[in-house]
Trainee: 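Sharing a structure with you now.
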Amino acid sequence: MEQFITGDIWATVNKHLKKGQQRNACIAYVTSSSLNLTKRDILVCDASNYSIKYGNTSAKVLEHYYKKGVSIYSNGNLHSKFLFTNDFLVLGSANLSRSSAENLIESSVIT
């Protein structure tokens with residue numbers, strides 16, 4: 001499977017996710033909970049005080065994922081945007097945000 005995607009990247013990725021499949025996401029800025037992350041999944045993002053204070057990452061969205069059992073890690077220098085499972089890798093430019101989905105021209109490759 002190889003697919004080039006644009007638009008709402010994470011909504012498209014959700015269609016490829018299988019129930020019970022662990023998701024490992026490394027996405028710099030997170031202001032939307034539109035990616036289906038569940039218990040035992042991992043999310044690495046920039047949850048630094050600066051990013052939270054200036055709205056690059058949402059503490060409320062991180063709390064939402066945390067309550068679902070997602071393990072959350074932070075790196076203040078992070079700029080990555082990828083997700084991998086045992087079946088595929090998504091690599092691209094999209095943050096997990098409404099702005100990336102609706103206002104920007106983002107692209108990713110699923111392989």
Side-chain angles (χ1 to χ4, degrees):
M1 163 184 59
E2 290 186 4
Q3 182 181 2
F4 179 77
I5 54 177
T6 62
D8 191 346
I9 303 296
W10 303 114
T12 302
V13 169
N14 284 334
K15 296 175 185 175
H16 293 276
L17 296 172
K18 298 175 186 169
K19 188 173 182 176
Q21 179 182 60
Q22 184 176 1
R23 299 106 197 225
N24 302 285
C26 189
I27 305 169
Y29 302 127
V30 177
T31 59
S32 168
S33 59
S34 62
L35 179 60
N36 293 337
L37 297 176
T38 59
K39 189 174 183 178
R40 293 185 297 277
D41 291 342
I42 296 171
L43 173 62
V44 180
C45 64
D46 179 353
S48 64
N49 290 336
Y50 180 90
S51 287
I52 298 289
K53 180 178 179 179
Y54 291 101
N56 298 326
T57 295
S58 167
K60 287 187 179 199
V61 171
L62 295 181
E63 180 182 35
H64 165 81
Y65 281 131
Y66 179 79
K67 286 181 177 179
K68 290 180 79 174
V70 176
S71 296
I72 300 170
Y73 301 92
S74 176
N75 183 318
N77 295 316
L78 189 68
H79 195 67
S80 301
K81 289 100 175 165
F82 68 87
L83 174 139
F84 68 92
T85 70
N86 286 341
D87 297 329
F88 64 90
L89 166 72
V90 178
L91 183 62
S93 64
N95 285 302
L96 185 50
S97 67
R98 184 181 308 193
S99 179
S100 281
E102 297 175 0
N103 301 327
L104 301 173
I105 299 172
E106 304 283 15
S107 62
S108 292
V109 174
I110 299 177
T111 184

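Sequential numbering from 1 along the given sequence is applied to the chain's residues. What you see is a predicted model, and the numbers here were worked out from it, not measured in a lab.
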Trainee: Which value, rounded to the nearest 0.5 Å, describes the distance between Leu96 atom CG and Lys81 atom NZ?
Mentor: 11.5 Å
Trainee: Which atoms form the tightest heavy-atom contact between Thr6 and Ser107, and what is the distance?
Mentor: CG2-CB, 4.0 Å
Trainee: Looking only at heavy atoms, which two atoms of Leu37 and Val70 are closest? And how far apart?
Mentor: CB-CG2, 3.7 Å
Trainee: Going by heavy atoms in the side chains, are Tyr50 and Thr57 under 4.5 Å from each other?
Mentor: no
Trainee: Give the minimum heavy-atom separation between Ala94 and Ile9, together with the two atoms involved.
Mentor: CB-CG1, 3.6 Å
Trainee: Looking only at heavy atoms, what is the nearest atom pair of Leu17 and Phe88, with distance?
Mentor: CD2-CZ, 3.7 Å
Trainee: Can you find a side-chain donor-acceptor pair between Ser48 and Asp46 that sits under 3.5 Å?
Mentor: yes
Trainee: Take the angle between the ring planes of Phe82 and Phe84 and call it parallel below 30°, perpendicular above 60°, tilted in between.
Mentor: parallel
Trainee: List the atom of Ile52, the atom of Ala59, and the distance in Å for their closest heavy-atom pair.
Mentor: CD1-N, 3.8 Å
Trainee: Could you tell me the separation between the CH2 atom of Trp10 and the NZ atom of Lys15, rounded to the nearest 0.5 Å?
Mentor: 14.5 Å
Trainee: Should Tyr73 and Leu43 be regarded as members of a common hydrophobic cluster, given that ILVMFWY residues are connected when their side-chain heavy atoms come within less than 4.5 Å of each other, either directly or indirectly?
Mentor: no
Trainee: May I ask you to test the Gln22-Asp41 pair for a side-chain heavy-atom distance under 4.5 Å?
Mentor: yes
Trainee: More than 12 foreign heavy atoms under 6.0 Å from CG of Asn103: is that the case here?
Mentor: yes
Trainee: State the SG-CG distance between Cys45 and Leu78, to the nearest 0.5 angstrom.
Mentor: 7.5 Å
Trainee: Between atom OH of Tyr65 and atom CD1 of Ile42, what is the distance when rounded to the nearest 0.5 Å?
Mentor: 14.5 Å
Trainee: Quickly, which of Thr31, Val61, Asn56 forms a side chain to side chain contact (heavy atoms under 4.5 Å, CB included) with Ser97? Name it, please.
Mentor: Thr31
Trainee: Given 3.5 Å as the limit, does a donor-acceptor pair link the side chain of Glu106 with the main chain of Gly92, or not?
Mentor: no
Trainee: Between CG of Asp8 and OG of Ser32, what distance do you get to the nearest 0.5 Å?
Mentor: 7.5 Å
Trainee: Atom OG of Ser34 and atom CZ of Arg98: how far apart are they, to the nearest 0.5 Å?
Mentor: 9.5 Å
Trainee: Are the side chains of Val30 and Leu35 in contact, using a 4.5 Å heavy-atom criterion?
Mentor: no
Trainee: Give a yes or no on this: more than 12 heavy atoms of other residues, nucleotides or ligands lie within 6.0 Å of atom CD of Glu2.
Mentor: no
Trainee: Could you give me the CA-CA distance, side-chain angles and deciding distance for Arg23 and Asn36, then say whether side chain to side chain contact (heavy atoms under 4.5 Å, CB included) is met?
Mentor: CA-CA 9 Å; Arg23 299 106 197 225; Asn36 293 337; 4.1 Å; yes
Trainee: Is it the case that the side chain of Ser100 and the backbone of Asn95 share a donor-acceptor pair, with hydrogens and angles ignored and the cut-off at 3.5 Å?
Mentor: yes
Trainee: Are Leu83 and Ile72 connected in the hydrophobic side-chain network, where two residues link if heavy atoms are under 4.5 Å apart?
Mentor: yes
